[in-house]
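Numbering of residues begins at 1 and proceeds along the displayed sequence.
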Amino acid sequence: MNKEVFKKTEEFMLVCMKDCAHDKDHIYRVLYLALDIAKYEVDVNIDVLIAACLLHDIGRQEQFDDSRIRHEVAGSKKAYTFLLNNNWTEESARHVSDCILSHSYRGGSSPDSIEAKILYDSDKLDVTGTLGIARTLLYLGIASEPLYSLDDDGKVLDGSKDAQPSFLHEYKYKLEKIYNEFYTQRATEIGNERKESAVSFYNSLLNEARSCYTYGMDEFFKMVK
């Protein structure tokens with residue numbers, strides 16, 4: 001990919017990115033991780049991979065405006081149209097679009113091509129480790145979701161059986177599982193290097209939150225009787 005094509009694609013991405021948890025820095029991290037992973041794979045179409053990385057989250061605003069819209073669906077359509085309008089072949093534009101369509105953890109499509117698998121892995125690596133914890137908290141803050149939920153007795157739930165969304169729920173639903181769901185060996189290696197810090201944060205948060213209720217709840221009820 002030459003510099004002119006990259007700049008045009010980058011400029012379009014920058015116009016679309018407005019979410020602080022899915023900002024331009026997230027895009028660049030995903031791109032750099034993808035290029036790292038690509039070195040360990042064969043027959044990777046680098047032009048398709050770079051374009052897919054740059055454009056994979058351009059549908060986020062549509063999802064924020066209407067929760068019924070999946071960002072990967074909106075983004076794949078926007079990317080396809082943009083690339084066709086910028087002299088990409090229909091085949092290459094479709095390839096990039098398909099990569100974007102299958103990059104979401106909650107999406108219904110699984111990545112098939114090596115480029116799609118690398119994009120998926122790179123995007124998921126950005127929710128691993130301490131960095132992933134920080135990004136998740138940012139995103140849930142935007143959505144006004146709490147750190148944890150309580151059961152009917154006022155005890156802090158660990159996230160595994162929560163009915164309501166929270167950080168601990170998101171950790172058990174997604175962040176905890178992602179380390180076993182990479183498609184490439186290189187992504188698995190990077191994820192395993194980051195895993196310990198995420199596990200430590202989850203356990204510390206859960207223990208500290210529970211200790212507040214354990215030590216103070218009995219005293220509170222004695223006072224209000």
Side-chain angles (χ1 to χ4, degrees), residues 1-19 21-63 69-128 132 135 174 177-191:
M1 177 178 286
N2 63 45
K3 185 178 293 186
E4 181 181 356
V5 174
F6 178 87
K7 291 302 293 183
K8 281 186 177 181
T9 310
E10 181 186 39
E11 288 170 1
F12 181 63
M13 175 271 290
L14 291 172
V15 170
C16 297
M17 305 304 293
K18 299 177 182 179
D19 168 12
H22 301 88
D23 59 3
K24 60 182 177 62
D25 295 310
H26 164 66
I27 299 299
Y28 296 134
R29 289 193 301 269
V30 169
L31 173 60
Y32 300 150
L33 285 165
L35 294 176
D36 181 355
I37 295 170
K39 294 188 301 183
Y40 298 85
E41 303 296 330
V42 297
D43 298 328
V44 178
N45 186 322
I46 295 298
D47 285 356
V48 166
L49 179 62
I50 292 175
C53 289
L54 286 176
L55 302 176
H56 75 276
D57 270 345
I58 60 173
R60 283 282 174 184
Q61 189 59 46
E62 283 79 357
Q63 182 169 305
I69 296 175
R70 299 293 309 167
H71 82 276
E72 68 275 13
V73 175
S76 67
K77 293 176 181 177
K78 287 173 67 174
Y80 179 75
T81 300
F82 168 79
L83 294 173
L84 284 183
N85 290 337
N86 283 273
N87 302 316
W88 284 61
T89 66
E90 197 283 333
E91 180 182 6
S92 294
R94 178 62 61 191
H95 193 166
V96 173
S97 177
D98 288 343
C99 290
I100 295 172
L101 187 62
S102 61
H103 86 273
S104 176
Y105 185 82
R106 291 176 168 84
S109 301
S110 298
D112 292 324
S113 68
I114 185 58
E115 295 80 13
K117 291 176 181 177
I118 293 174
L119 171 60
Y120 180 94
D121 281 2
S122 302
D123 188 47
K124 299 307 155 292
L125 279 172
D126 211 37
V127 293
T128 60
R135 289 188 60 238
K174 178 181 179 180
K177 300 175 183 177
I178 203 69
Y179 299 91
N180 299 319
E181 298 183 358
F182 294 114
Y183 288 92
T184 63
Q185 180 60 36
R186 177 59 177 158
T188 301
E189 293 171 358
I190 296 171

ask   = Aromatic rings Tyr28 and Tyr32: how do their planes relate, parallel, tilted or perpendicular, breaks at 30° and 60°?
value = parallel
Rounded to the nearest 0.5 Å, what separation is found between the [atom1] atom of [X] and the [atom2] atom of [Y]?
X      : Y      : atom1 : atom2 : value
Leu54  : Lys8   : CG    : NZ    : 14.5 Å
Ile118 : Asn45  : CD1   : CG    : 10.5 Å
Phe182 : Ser122 : CZ    : OG    : 9.0 Å
Leu101 : Arg94  : CG    : CZ    : 9.5 Å
Arg60  : Ile69  : CZ    : CD1   : 13.0 Å
Ile58  : Phe12  : CD1   : CZ    : 4.5 Å

request  = Assess whether side-chain contact (heavy atoms from CB on, under 4.5 Å) is satisfied between Met1 and Asp47, documenting all intermediate values.
outcome  = CA-CA 5 Å; Met1 177 178 286; Asp47 285 356; 3.1 Å; yes
task = Would you indicate whether Glu91, at its atom CD, is surrounded by more than 12 heavy atoms from other residues, nucleotides or ligands within a distance under 6.0 Å?
result = no
request  = Check the surroundings of atom CG in Asp43: do more than 12 heavy atoms from other residues, nucleotides or ligands lie under 6.0 Å from it?
outcome  = no
Does the side chain of [Y] come within less than 4.5 Å of [X]'s, by heavy atoms?
X      : Y      : value
Arg135 : Arg29  : yes
Thr9   : Leu55  : yes
Cys53  : Leu119 : yes
Val96  : Phe82  : no
Glu62  : Lys78  : yes
His95  : Glu115 : yes
Asp57  : Ile27  : yes
Ile100 : Tyr80  : no

May I ask you to decide if [Y]'s main-chain N or O and [X]'s side chain share a donor-acceptor pair within less than 3.5 Å?
X      : Y      : result
Asp121 : Ala187 : no
Ser97  : Ser76  : yes
Lys124 : His103 : yes

Carboxylate-amine/guanidinium proximity below 4.0 Å for Lys7 and Glu4 = no
request  = Determine the minimum heavy-atom distance between Pro111 and Tyr120, stating which atoms define it.
outcome  = CG-CB, 4.2 Å
task = Specify the closest pair of heavy atoms between Ser104 and Arg70, including all atoms of both residues, with the distance to one decimal.
result = OG-NH2, 3.4 Å
The single option from Met13, Glu72, His26 passing side-chain contact (heavy atoms from CB on, under 4.5 Å) against His56 = His26
key: Full working for side-chain contact (heavy atoms from CB on, under 4.5 Å) between Cys99 and Val48   = CA-CA 9 Å; Cys99 290; Val48 166; 4.2 Å; yes
